[in-house]
Amino acid sequence: MFSREAITALQAARSVTVLTGAGVSAESGVPTFRGAGGLWRNYQATSLATPEAFAKDPELVWEFYNYRRELLAPLKPNPGHFALAALEAAAPGFALVTQNIDNLHRIAGAKNLIELHGNIWQVRCSDPVCESAAAPRENREVPVSPIPPRCGICGGHLRPHVVWFGEMLDPEVIGTAIRAAEESDFFIVAGTSAVVQPAAGMPLLARRAGAFVLEVNPERTDLSPAMNESVQAASGEALPTLVEAAFGG
Ligand code: BV8
């Protein structure tokens, strides 16, 4: 499945960075964004994950996130998540950058985890001047009720602590992720259609900085031609095989 060159490069790497997308959670039962799962009540997920949709109808957007909370709550990490946790233990200078908000990497044991787009189990005040806007906190309600939930400090609407389309990523978060890409000797990009920016640019930054870049995805993507190696396989099968081949045990 993987070339000898890829295995040797991973074994020799002094710093390994991984970027994951929704595809890594697909085998846990989480619908991907652009697959059939990207629809909810005939809405495109991408049309609801926006500040405009929330400003217009916070209740509808919260119904969408309650749907995803209810779907996610019983789901478990799959072998792909666990393989990346094992890789973190085996490889030096490891960083896991995820576009996913489902928390499954953390449940699988990821330590150095950079959540580019936030986390569905955290909420914050939607009023930027409220002190709670800068202090997200955990909320595990399934479902959140009543919706939209109210901020205990200013009475405004609480929102999911996620990055919506059209919103800037936290500069510190994206800065750390870009550094991890540029400083990596080996970069794995798994389970992403490489459509969403600025995440999709990271594998190219790594490649330009001289890393060996490996893609794992059942389908080819726009990134595929620029990769050192692109393996068309499911991450739940390919990632355990990769870690086993490089580090055994
Ligand atoms: C921003 C949280 C500055 C919410 C998400 C150029 C430069 C900069 C910005 C842009 C640009 N062009 C356009 C933009 C704007 C926009 C963007 O990228 N739009 C896209 C649609 C073109 N970007 C932004 O708005 C970002 N902000 O750049 O700020 C700015 C601001 C204003 C204007 C300009 C610039 C913020 C983006 C963050 C959006 N929030 N999530 C929520 O989840 O509710 S992104 C969302 O999509 C999820 O996080 C998801 O992870 C992510 C990316 O999708 P993928 O992970 O790739 O999932 P997808 O379904 O697409 O693909 C799944 C893949 O898995 C497939 O390839 C499939 O083959 C594969 N797969 C399936 N099964 C498996 C598998 N792989 C492995 N194993 C399997 N078993």
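Nothing here was measured: the structure is a model prediction, and the numbers come from that model. Read the numbers this way: they start at 1 and go in the same order the structure lists the ligands and their atoms.
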| Passes salt bridge (Lys or Arg N to Asp or Glu O under 4.0 Å), R140 versus E138? Steps please. | CA-CA 6 Å; R140 289 282 175 160; E138 183 136 311; 3.1 Å; yes
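- A cation-pi arrangement is absent between R159 and W62, since the terminal nitrogen or guanidinium carbon is not both under 6.0 Å from the aromatic centre and inside a 45° cone about the axis.
- A tilted orientation is assigned to the rings of Y65 and W164, their planes being inclined by 30° to 60°.
- Taking L75 as the reference, V30, L71, L72 meet the side chain to side chain contact (heavy atoms under 4.5 Å, CB included) condition, with sequence neighbours excluded.
- Relative ring orientation between H105 and H81 is described as perpendicular, the plane-to-plane angle rising above 60° on a 0-90° scale split at 30° and 60°.
- A donor atom on one side chain and an acceptor atom on the other are not found under 3.5 Å apart for S15 and E183.
- For ligand 1, the 4.0 Å heavy-atom shell contains residues G21, A22, G23, A26, E27, T32, F33, R34, A49, Y65, R68, Q99, N100, I101, H117, V163, W164, F165, G166, E167, M168, L169, G191, T192, S193, V195, V196, Q197, P198, N217, P218, E219, A234, S235.
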